[in-house]
Amino acid sequence: MTSLDVGSNTALTYLNCGSNQLTSLDMSNNTALTELHCAANQLTSLDVSSNTALTELTCYANALDSLDVSSNTALTELHCSNNQLTSLDVSSNTALTKLSCSNNQLTSLDVSNNTALTQLYCGDNQLTSLDVSTNAALSILHCRTNQLTSLDVSNNTALTVLDCHYNDLTSLDVSSNTALTELQCWNTSLTSLDVSSNTA
């Protein structure tokens, strides 16, 4: 499909139109929508400001250079990886449990308001810092291939998976992360690593 008109379908709550050739998608009349899956299209913009009931938005693998989710306060899952985003504001999305924004051009990411996050995928960006101190529920953190020189995961005691390879980390303290079952920290500047507390 190269076009899709759902403007008259005002009762629509779920739409999956992924893996097509859509260049635009007008969802302004679909105010009852709770899930939108439009990944792997050719969208250059996506306006979801009218879709305030959205709990899940999957729009990865498009050509989006911006995405405004400030009106989507009910979002629990946001998957926007593999786009061209230079910024992403999720400060209003306090219900988020899963955020995937890998493979973009993000230079910063503020997840301090997202205290419900359990999974964060922000690899393959241009992040120079990442503060996850308020994300105590995090169980999976993928922040590989960025420009991080430090990473404090001392408050993330629920972490089971940590992937921070391809960063310029000089030190990494995982002594508080006793639930870890997987740790990837290759291609860093680490000269030592103490995993004596990580018996799992």
Side-chain angles (χ1 to χ4, degrees), residues 35 37 39 55-61 67 69 72-83 85-200:
E35 289 191 34
H37 303 268
T55 59
E56 188 170 337
L57 174 58
T58 303
C59 56
Y60 63 82
L67 182 63
V69 288
N72 313 103
T73 55
L75 271 184
T76 58
E77 294 190 26
L78 174 58
H79 306 276
C80 56
S81 295
N82 292 84
N83 278 288
L85 302 177
T86 54
S87 63
L88 182 64
D89 184 354
V90 289
S91 58
S92 300
N93 312 104
T94 56
L96 271 184
T97 58
K98 295 180 182 179
L99 173 58
S100 177
C101 55
S102 300
N103 284 287
N104 279 288
Q105 300 168 24
L106 302 177
T107 55
S108 63
L109 182 64
D110 185 353
V111 289
S112 57
N113 285 356
N114 312 105
T115 55
L117 269 185
T118 59
Q119 299 181 28
L120 174 58
Y121 302 86
C122 57
D124 296 278
N125 278 289
Q126 301 167 26
L127 302 177
T128 55
S129 64
L130 182 63
D131 185 353
V132 287
S133 59
T134 62
N135 311 104
L138 265 187
S139 61
I140 298 176
L141 174 57
H142 281 231
C143 54
R144 66 191 184 204
T145 318
N146 276 289
Q147 301 170 21
L148 303 177
T149 55
S150 63
L151 182 63
D152 184 355
V153 287
S154 58
N155 287 350
N156 311 105
T157 55
L159 270 185
T160 58
V161 176
L162 173 58
D163 183 354
C164 56
H165 76 264
Y166 266 105
N167 279 286
D168 198 21
L169 301 175
T170 55
S171 64
L172 183 64
D173 185 356
V174 288
S175 59
S176 300
N177 313 105
T178 54
L180 273 183
T181 59
E182 181 182 331
L183 173 60
Q184 296 200 44
C185 54
W186 48 282
N187 266 82
T188 60
S189 297
L190 297 176
T191 56
S192 63
L193 183 66
D194 184 357
V195 289
S196 58
S197 302
N198 310 99
T199 54

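Below, each value reflects all heavy atoms present in this structure, side chains not excepted, and no hydrogens, waters or symmetry copies. As the structure is a prediction and not an experimental result, all values here were calculated from the model.
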Residues Ser100, His79; criterion side-chain hydrogen bond (donor to acceptor under 3.5 Å, both in side chains); working and verdict: CA-CA 5 Å; Ser100 177; His79 306 276; 4.5 Å; no
Separation between SG (Cys59) and CG (Leu78), nearest 0.5 Å, reads 6.0 Å
Are any non-hydrogen side-chain atoms of His142 and Val161 less than 4.5 angstrom apart? yes
So, for Cys164 and Cys185, which heavy atoms are closest and what is the spacing to 0.1 Å? SG-CB, 4.0 Å
Main chain of Thr118, side chain of Ser139: is a donor-acceptor contact present, judged purely on distance under 3.5 Å? yes
State the OG-CG distance between Ser176 and Asn155, to the nearest 0.5 angstrom. 8.0 Å
Given the options Asn167, Thr170, Thr149, Asp168, Ser189 meets side-chain hydrogen bond (donor to acceptor under 3.5 Å, both in side chains) only with Asp168
Would a distance-only check, ignoring hydrogens and angles, find a side-chain to backbone donor-acceptor pair under 3.5 Å from Asn82 to Ala61? no
Please evaluate residues Arg144 and Gln184 with respect to the criterion side chain to side chain contact (heavy atoms under 4.5 Å, CB included), reporting the C-alpha separation (whole Å), side-chain torsions for both, the decisive distance (0.1 Å), and the verdict. CA-CA 9 Å; Arg144 66 191 184 204; Gln184 296 200 44; over 6 Å; no
Would you call the rings of Trp186 and His165 parallel, tilted or perpendicular, where under 30° means parallel and over 60° means perpendicular? parallel
Drop me the distance from Cys101's SG to Leu99's CG, to the nearest 0.5 angstrom. 4.5 Å
Do the side chains of Asp152 and Ser133 get nearer than 4.5 Å, heavy atoms only? no
Residue pair Asp163 / Leu141, side-chain heavy-atom distance below 4.5 Å: no
Asn103 versus Tyr60: any side-chain heavy-atom pair under 4.5 Å? no
Keeping Ser102 on the side-chain end and Gly123 on the backbone end, is there a donor-acceptor pair under 3.5 Å? yes
So do the side chains of Glu35 and Glu77 get within less than 4.5 Å of each other, counting heavy atoms only? no
Quick check for you: to the nearest 0.5 Å, what is the distance between Leu96 atom CG and Ser91 atom OG? 10.5 Å
Let's go through Leu169 and Leu148 carefully: what are the C-alpha distance in whole Å and the side-chain angles of both, what is the deciding distance for side chain to side chain contact (heavy atoms under 4.5 Å, CB included) to 0.1 Å, and is it a yes or a no? CA-CA 6 Å; Leu169 301 175; Leu148 303 177; 4.2 Å; yes
Just by distance, do the side chain of Asp89 and the backbone of Val69 share a donor-acceptor pair under 3.5 Å? no
Asn156 and side-chain contact (heavy atoms from CB on, under 4.5 Å): which single residue from Leu162, Leu138, Leu120 fits? Leu138
Side chain of Asn177, backbone of Asn198: donor and acceptor closer than 3.5 Å? no
Main-chain N/O of Asn125 paired to Asn146 side chain as donor or acceptor, under 3.5 Å: yes
Tell me, do Leu117 and Val111 make a side-chain contact under 4.5 Å, heavy atoms counted? yes
In Å and rounded to the nearest 0.5 Å, what is the OG to CG distance from Ser87 to Leu106? 7.5 Å
Measure the spacing between CG of Leu183 and CG of Leu172 and express it to the nearest 0.5 Å. 6.5 Å
Would you say Tyr166 has more than 12 foreign heavy atoms packed within less than 6.0 Å of its OH? no
Between Thr134 and Thr115, is there a donor-acceptor pair closer than 3.5 Å when you use the side chain of the first and the backbone of the second? no
